[in-house]
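Inspection log for the structure reproduced underneath, given as structure tokens.
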Amino acid sequence: MAGVTSPLRLTDIAAQAQVSEATVSRVLNGKSGVAAGTRHKVLAALDLLGYERPVRLKRRSNGLVGLLIPELTNPIFPAFAQVIEQALAGHGYTPVLCTQTPGGATEDELVEQLEERGVTGIVFLSGLHADSAADPARYQRLAARGVPFVLINGFNERISAPFVSPDDRAAADMAVRHLEDLGHRRIGLAIGPTRYVPSARKEQGFVAAVPGAEAEGLVQRTLFTVEGGHAAGIALLERGCTGIVCGSDPMALGVIRAVRERGLRVPEDVSVVGFDDSPLIAFTDPPLTTVRQPVRAMATAAVGALLEAVSGTPVQRTEYVFQPELVVRGSTAQAPA
């Protein structure tokens with residue numbers, strides 16, 4: 001619908017942006033006195049309604065900011081990318097999305113390409129910083145070259161930078177507690193490789209929450225994919241689990257597939273809990289109970305920390321931890337008798 005030629009209707013734009021018509025008028029006429037966030041809402045309403053922006057509103061970019069994400073198949077990564085890009089655009093920066101693909105450019109190669117383009121800063125989402133086996137010196141060298149950056153999902157004490165993470169231990173704990181409250185006594189964990197910090201932390205939270213010495217035998221380490229969840233689900237069902245906590249929503253879908261292949265039902269026979277609350281996950285069959293990662297709060301905090309560093313403001317070299325939220329839907333129920 002881009003390129004609508006009908007005249008701008010202030011009432012439509014105001015309703016879409018949820019601001020007054022007077023505010024819309026000030027933005028469209030380039031007047032001062034409008035907060036940056038409000039201005040961004042009006043411009044977003046223009047775009048959503050299909051209107052072309054007036055020439056006076058077409059500003060020069062404050063600079064390029066790289067956003068490195070590992071892939072696009074897991075919907076949580078595009079969800080993060082969208083919020084980060086919106087936040088950057090609201091401050092006048094142009095996001096440059098870099099996605100890694102099997103056989104494609106590595107993280108180091110993508111960073112080199114971004115530096116060649118003179119980026120103002122870089123946001124890393126679930127990158128090599130989250131891999132405890134990777135060499136953190138690459139980030140020290142990046143800092144030495146004067147490139148500000150922020151790291152999401154995967155704290156590494158050997159890297160001096162701002163980190164933004166969900167509380168993965170608390171996420172596993174609340175999932176286990178939920179299943180225990182439903183009467184489940186044999187609860188398993190389907191998780192990714194524990195060389196990755198988020199996986200290791202979820203496993204720590206799970207082991208601390210599951211009573212007795214049997215917790216270790218109820219952890220199945222695999223890949224953060226539907227296929228990985230399917231394989232983990234088969235193994236955990238063989239161990240008699242009636243409740244399964246997963247490290248990602250795609251893994252949870254794989255577990256559900258494994259349950260059905262055995263002629264069992266979710267949630268009547270086996271309850272499944274995901275992690276992330278990815279877009280559209282509420283519309284699966286059954287709707288997935290999951291632990292919601294606070295994407296908007298985390299992404300906004302990451303952009304804020306990065307832009308503070310870009311402006312020269314001293315940024316605390318620490319980890320900002322955000323609390324997840326259990327979202328109960330249809331994939332969990334009382335344990336079978």
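Along the sequence shown, residues carry numbers from 1. These figures come from a predicted structure and were not determined experimentally.
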Without hydrogens or angle criteria, can the side chains of [X] and [Y] be said to hold a donor-acceptor pair below 3.5 Å?
X	Y	value
Gln140	Arg158	no
Thr194	Glu203	no
Asp168	Gln204	no
Gln334	His184	no

Are the side chain of [X] and the backbone N or O of [Y] linked by a donor-acceptor pair below 3.5 Å?
X	Y	result
His129	Ile152	yes
Arg260	Ile256	no
Thr242	Ala335	no
Gln16	Ile13	no
Asp249	Asp277	yes
Ser331	Pro267	no
Glu319	Val321	no
Arg329	Leu288	yes
Asn74	Phe77	no
Thr290	Gly274	yes

To the nearest 0.5 Å, tell me how far [X] [atom1] sits from [Y] [atom2].
X	Y	atom1	atom2	answer
Leu114	Cys98	CG	SG	4.0 Å
Leu151	Leu68	CG	CG	10.5 Å
Leu88	Leu307	CG	CG	6.0 Å
Leu179	Arg186	CG	CZ	14.0 Å
Ile234	Arg257	CD1	CZ	9.5 Å
Leu189	Arg221	CG	CZ	8.5 Å

Verdict with reasoning, Ile122 to Val65, per side chain to side chain contact (heavy atoms under 4.5 Å, CB included): CA-CA 6 Å; Ile122 302 176; Val65 172; 6.0 Å; no
Taking NZ, NE, NH1 and NH2 as the nitrogens, is one of them in [X] or [Y] under 4.0 Å from a carboxylate oxygen of the other?
X	Y	answer
Arg177	Asp181	no
Arg185	Glu180	no
Arg138	Asp108	yes

Are [Y] and [X] linked, directly or through intermediate hydrophobic residues, by side-chain heavy-atom contacts shorter than 4.5 Å (ILVMFWY only)?
X	Y	result
Leu237	Val266	yes
Leu97	Leu64	no
Val176	Phe275	yes
Leu125	Leu72	yes
Met251	Val270	no

Residues, nucleotides or ligands: over 12 heavy atoms within 6.0 Å of [X] [atom1]:
X	atom1	answer
Glu268	CD	yes
Arg296	CZ	no
Glu157	CD	no

Shortest non-hydrogen contact from [X] to [Y]?
X	Y	value
Thr300	Val83	OG1-CG1, 4.3 Å
Pro336	Asp269	CG-O, 3.6 Å
Arg239	Gly217	NH1-O, 2.8 Å
Gly247	Phe224	O-CE2, 3.6 Å
Pro75	Pro279	O-CD, 3.8 Å
Arg262	Glu238	NH1-CG, 3.6 Å

For residues [X] and [Y], determine if any side-chain heavy atom of one lies less than 4.5 Å from a side-chain heavy atom of the other.
X	Y	result
Phe124	Glu107	yes
His178	Val328	yes
Cys241	Ile244	yes
Glu109	Thr106	yes
Thr289	Leu326	yes
Phe206	Ile191	no
Pro148	Val310	yes
Arg169	Asp167	yes

Intermediate values then yes/no, side chain to side chain contact (heavy atoms under 4.5 Å, CB included), Tyr93 and Thr120: CA-CA 9 Å; Tyr93 289 89; Thr120 304; 4.0 Å; yes
Steps toward side chain to side chain contact (heavy atoms under 4.5 Å, CB included) verdict (Leu253, Thr284): CA-CA 9 Å; Leu253 298 182; Thr284 57; 3.9 Å; yes
Stepwise side chain to side chain donor-acceptor pair (under 3.5 Å) test for Thr332 and Ser271: CA-CA 4 Å; Thr332 52; Ser271 288; 5.4 Å; no
Phe80 and Gln293: CA distance, side-chain angles, deciding distance, side chain to side chain contact (heavy atoms under 4.5 Å, CB included) verdict: CA-CA 10 Å; Phe80 264 108; Gln293 191 168 183; 3.7 Å; yes
Ring geometry between Tyr139 and Phe149 (parallel below 30°, tilted from 30 to 60°, perpendicular above 60°): tilted
